Amino acid sequence: MLRMSQLFLRTLRDDPADAEVASHKLLVRAGYIRRIAAGIYSWLPLGYITLRNIERIVREEMDRAGFQEVHFPALLPKEPYEATNRWSEYGPDLFRLQDRRGGDYLLGPTHEEMFTLMVKGEYSSYKDLPLTIYQIQTKYRDETRPRSGIIRGREFVMKDSYSFDIDDAGLQKSYDDHRDAYIKTFNRLGLKYSIVSAMSGAMGGSASEEFLAPCDTGEDTYVLCNSCGFAANVEAMSTKVLPQKFDTPPAIEVLDTPNTPTIESLVEVMNSKYQANITAADTLKNILLIADDQAICVLVPGDREVDLKRLQANLPGIQELRLFDDEDFSKRKELVKGYVGPQDAKRFGITLYADPRIQAGSHWITGANQANKHARFVTEGRDFTIDHYVEAAEVRAGDLCPRCDTPVVIDRAIEIGHIFQLGRKYAQSLDLTVLDKDGKPVVVTMGSYGIGISRAVAAIAEQTHDEIGLKWPREVAPADVHIVATGKDDEPFTKALEIGSELERAGLRTLVDDRRDPSAGVKFKDAELIGIPVIVVVGKGLVNGVIEVRNRWTNTKNEISLSSAITEIQAVVKSL
RNA sequence: CGGGGCGUAGCGUAGUGGCUAGCGCGCCUGGUUUGGGACCAGGAGACCGGAGGUUCGAAUCCUCUCGCCCCGACCA
């Protein structure tokens, strides 16, 4: 039993000035967390109980699935991370430090290397596999911009697991087991979520799915089809194009279009000067980029932007991708900024990538590769040839579902879990092999699975809070029942404590507000802010032998008789 | 890293060159209250983020610096 008179807690009446999102404001106001530095928070008793509840649920579901818990240090030497190149590849997001002898260390951002090496150190036979191990660990990433309180911190608690299998079928099974365990876990956490494809699968069929908790303040955007249930990260969304037949257009016509470097101005000039009656979607946008030192051109319909994140995700071989800058344009005089067209790409030695909407045989209004001139009837297959199709255009609400052709909606969400088939990347670079039946070494294939534990606190708060405060699902809440004693006599207070102890004996967790000083109103406000789902008020009803039970979830209150209080409260808790 | 904003008591804030830096919440003491963030009286708590400068005089002006928030870029 927690007692408010003893609890290390101070609630705040005003929103903290540095908080923007609801979870952040409420967790601070209700005394769950306090900020220490940007993206770094301390947990006070109520918050820490809540965090540990989530940890416990995750742990129970992992254990039930047969996965085993281990624990690595957060402070790690650089050597394993050098072996996989991540010491350099991870870049400035890695927290690095040195010991007194000048040795390089890091604060672990994720632990693939350590898990791989641990297995390598212990196991060497196919008979030892499959194996899945996990840990719950504090992770560190020096994010360029931590934000939204606890949603994106630089220090955060994460559960990460890794599966080890001898072959692809085994990996698939381990992956599916994890997926099931995650479904059970998030259901218990009381989160609404979508399971969303995260990668196009173009790369060796490596499956990857994200568990996204929809909410307005989420920082991930994803696509959802309300008709068939298809859900995908925008990067993984594939464009659905209804095939069209095109008549053969006349030969290319070059037109004078002075001062029309933008699509908008082009459409204006075409319609006013040439009576073309077109929209931006009839024009072709040619975006020049440098992809690992090679110039490439990406073609999208003129009414769409190129989504660089999507493009990057769909160009797996490319490490660095950036837009042409003025210097690039000045180095290649044949490419006229604002008047680029695909028809001379071969001659210019530029690879053409195109959005699937640039269909075979389609024709477009586009740049003429001369200043102040555009060309029309520029036809795919005749005047230019696409080298590769790529998902590069921004995804919009109303685009067609790739599975059932229904217009999709776009939603925002917080990523709370991610499962994916890592394959042999780490096993290879760290040389994790086991002997197979024939005594031959085979490289182990791995899966990697994460749940943001501290982030889940915020995600739940975002999804469940209301105007007056937090509102926790029962298993997550810092207690099952919040008992408020009111009045100036001793009786409600002794009674409240009595009920508290009886409920504890019956297996419920309770928080009793036994403070004598604050008025009833203050205690009600605090109870609502703190968000324990069942609030019991012991006060003026006592003379009639009744107390009041409030349910934050159904937003109802009932008077119940003192004599049956324990069973009735238990029933309400159970009903949640 | 680019753009914008902000640092004044534990929290929220007022104060744009001139008295002892003001108010609300919270905190302490005493009293009245006790079912919706009560009231009265008294009190503690701030080197105004830091350094340097201008000035008779700086929270206030200038320079530098540190920190924080938001948008963007970035994010296994």
Side-chain angles (χ1 to χ4, degrees), chain A residues 9-21 24-25 28-29 31 34-40 81 84-86 89-94 108-113 115 139-149 151-154 156 158 160-162 198-199 206 208 210 217 219-220 233 235 307-309 312-313 320-323 415 417-423 425-426 446-450 452 455 468-469 484-493 513 515-529 535 537-543 546-548 550 557 559:
Chain A
L9 170 73
R10 181 111 294 142
T11 58
L12 304 176
R13 196 181 292 229
D14 298 310
D15 285 334
D18 60 1
E20 198 78 8
V21 301
H24 188 193
K25 288 179 184 169
V28 171
R29 279 189 55 208
R34 291 288 182 257
R35 195 184 67 82
I36 295 299
I40 303 177
Y81 288 78
T84 54
N85 243 347
R86 284 165 103 189
E89 264 177 23
Y90 221 99
D93 278 12
L94 198 59
T110 171
H111 283 73
E112 279 83 358
E113 286 81 354
F115 275 87
K139 308 275 186 177
Y140 296 87
R141 289 181 201 173
D142 195 359
E143 299 277 354
T144 41
R145 186 151 98 78
R147 71 181 97 183
S148 308
I151 295 176
R152 172 173 295 272
R154 295 193 293 173
F156 55 97
M158 178 169 162
D160 55 328
S161 353
Y162 302 86
M199 271 159 61
S206 79
S208 169
E210 287 170 355
T217 49
E219 46 180 4
D220 285 33
N233 193 305
E235 282 114 68
D307 181 336
L308 279 179
K309 234 168 129 178
Q312 174 96 61
E320 203 203 332
L321 191 66
R322 62 173 178 83
L323 291 168
E415 180 184 349
H418 194 170
I419 54 178
F420 77 106
Q421 301 190 3
L422 248 188
K425 176 178 172 187
Y426 289 93
M446 295 170 57
S448 157
Y449 318 90
R455 178 180 280 185
I468 55 177
V484 178
T486 69
K488 58 181 173 209
D489 305 323
D490 290 341
E491 207 198 341
F493 291 85
D513 195 342
R515 292 173 298 174
R516 297 300 294 253
D517 227 19
S519 65
V522 171
K523 295 195 235 183
F524 293 150
K525 293 285 184 204
D526 275 347
E528 285 148 0
L529 219 208
I535 298 169
V537 184
V538 183
K540 65 180 183 188
L542 221 47
V543 290
V546 296
I547 59 177
E548 185 180 302
R550 304 179 182 184
K557 17 176 138 173
E559 299 223 306

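A quick note: this is a predicted structure, and the numbers were derived from the prediction, not measured. Chain letters run A, B, ... following the sequence lines, proteins first and then strands; every chain starts at 1.
- Within 4.0 Å of A/Lys309, counting heavy atoms only, lies at least one base atom of the nucleic acid.
- Within the 4.0 angstrom heavy-atom criterion, no nucleotide atom of any strand lies near A/Thr84.
- Between A/Glu219 and A/Ala38, the residue anchored closer to the 5' end of RNA chain B is A/Ala38, taking for each the nucleotide with the nearest heavy atom.
- Taking atom P on both B/C23 and B/U63, the two are 33 Å apart, rounded to the nearest angstrom.
- Between the side chain of A/Arg152 and the base of B/C75, at least one donor-acceptor pair of N or O atoms lies under 3.5 Å.
- The same atom, C1', is picked in B/G49 and in B/G67; the two are 7 Å apart, to the nearest Å.
- For the side-chain contact (heavy atoms from CB on, under 4.5 Å) with A/Pro16, the qualifying choice from A/Arg35, A/Arg29, A/Arg34 is A/Arg29, the only one to do so.
- Straight-line distance between the C1' atoms of B/C47 and B/U8: roughly 12 Å, to the nearest whole Å.
- Checking A/Arg145, A/Glu143, A/Glu415 one by one against A/Arg152, the side-chain contact (heavy atoms from CB on, under 4.5 Å) holds for a single residue, A/Glu143.
- Using modelled atom types and a 3.5 Å distance limit, the side chains of A/Asp160 and A/Tyr162 yield a donor-acceptor pair.
- For the atom pair A/Lys139 NZ and A/Thr110 OG1, the distance stands at 5.0 Å (nearest 0.5 Å).
- For B/A44 and B/A59, the P atoms lie 22 Å apart once the distance is rounded to whole Å.
- Only the C1' atoms considered, B/G17 is 16 Å distant from B/G53, to the nearest whole Å.
- With rounding to whole Å, A/Glu143 atom CD is found 13 Å from B/C69 atom P.
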When Watson-Crick pairs (N1 to N3 and N6-O4 or O6-N4) and G-U wobble pairs (N1-O2 and O6-N3) count only below 3.5 Å on both distances, what is the dot-bracket string of RNA chain B, with | for other-strand pairs?
((((((((.[[[[.)..(...]]]].((((((.....)))))).....[[[[[..)....]]]]])))))))....
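- Atom P of B/A58 sits at a distance of 14 Å from the matching atom of B/A51, rounded to the whole Å.
- Relative orientation of the A/His418 and A/Phe420 rings is tilted, given thresholds of 30° and 60° on the angle between their planes.
- Note that the CD atom of A/Glu528 and the CD1 atom of A/Ile535 stand 5.5 Å from one another [nearest 0.5 Å].
- Figure legend: cation-pi geometry between A/Arg516 and A/Phe493, with NZ or CZ positioned under 6.0 Å from the six-membered ring centre and within 45° of its axis.
- Residue A/Asp14 contributes atom CG, which lies 14 Å from atom P of B/C27 at whole-angstrom precision.
- One can place CG of A/Asp18 at 11 Å from C1' of B/G7, the figure rounded to the nearest angstrom.
- Summarising the geometry, the separation between CZ on A/Arg147 and P on B/G72 is reported as 7 Å, rounded to the nearest angstrom.
- B/A9 sits 15 Å from B/G43 when the C1' atoms are compared, rounded to a whole Å.
- The closest side-chain heavy-atom distance from A/Asp18 to A/His24 is below 4.5 Å.
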Salt bridge (Lys or Arg N to Asp or Glu O under 4.0 Å) evaluation trace for A/Lys425 with A/Glu112
CA-CA 10 Å; A/Lys425 176 178 172 187; A/Glu112 279 83 358; over 6 Å; no
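- The nearest whole Å value for the distance from the NE2 atom in A/His24 to the P atom in B/C68 is 12 Å.
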For nucleotides 32-39 of chain B, read 5' to 3', which letter fits each nucleotide if B means a protein heavy atom sits under 4.0 Å from the base, S means only the sugar-phosphate is that close, and - means neither?
--BBBBS-
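- With P as the reference atom, B/G2 and B/A73 are 16 Å apart, rounded to whole Å.
- Across the protein-nucleic acid pair, A/Gln312 atom CD and B/A73 atom C1' stand 13 Å apart, rounded to whole Å.
- The separation between A/Glu20 atom CD and B/C70 atom C1' is 6 Å, rounded to whole Å.
- A close approach under 4.0 Å does occur between a side-chain nitrogen or oxygen of A/Arg145 and OP1 or OP2 of B/C71.
- The nearest heavy atom of RNA chain B to A/Tyr90 and to A/Gly39 marks one nucleotide each, and the one closer to the 5' end goes with A/Gly39.
- Rounded to a whole Å, the CG atom of A/Leu94 is 13 Å from the C1' atom of B/C75.
- Ionic pairing of A/Asp513 and A/Arg515 is present here: one or more N-O contacts between side-chain nitrogen and carboxylate oxygen are shorter than 4.0 angstrom.
- In this structure, CG in A/Asp142 is found 8.5 Å from OG1 in A/Thr144, a value given to the nearest 0.5 Å.
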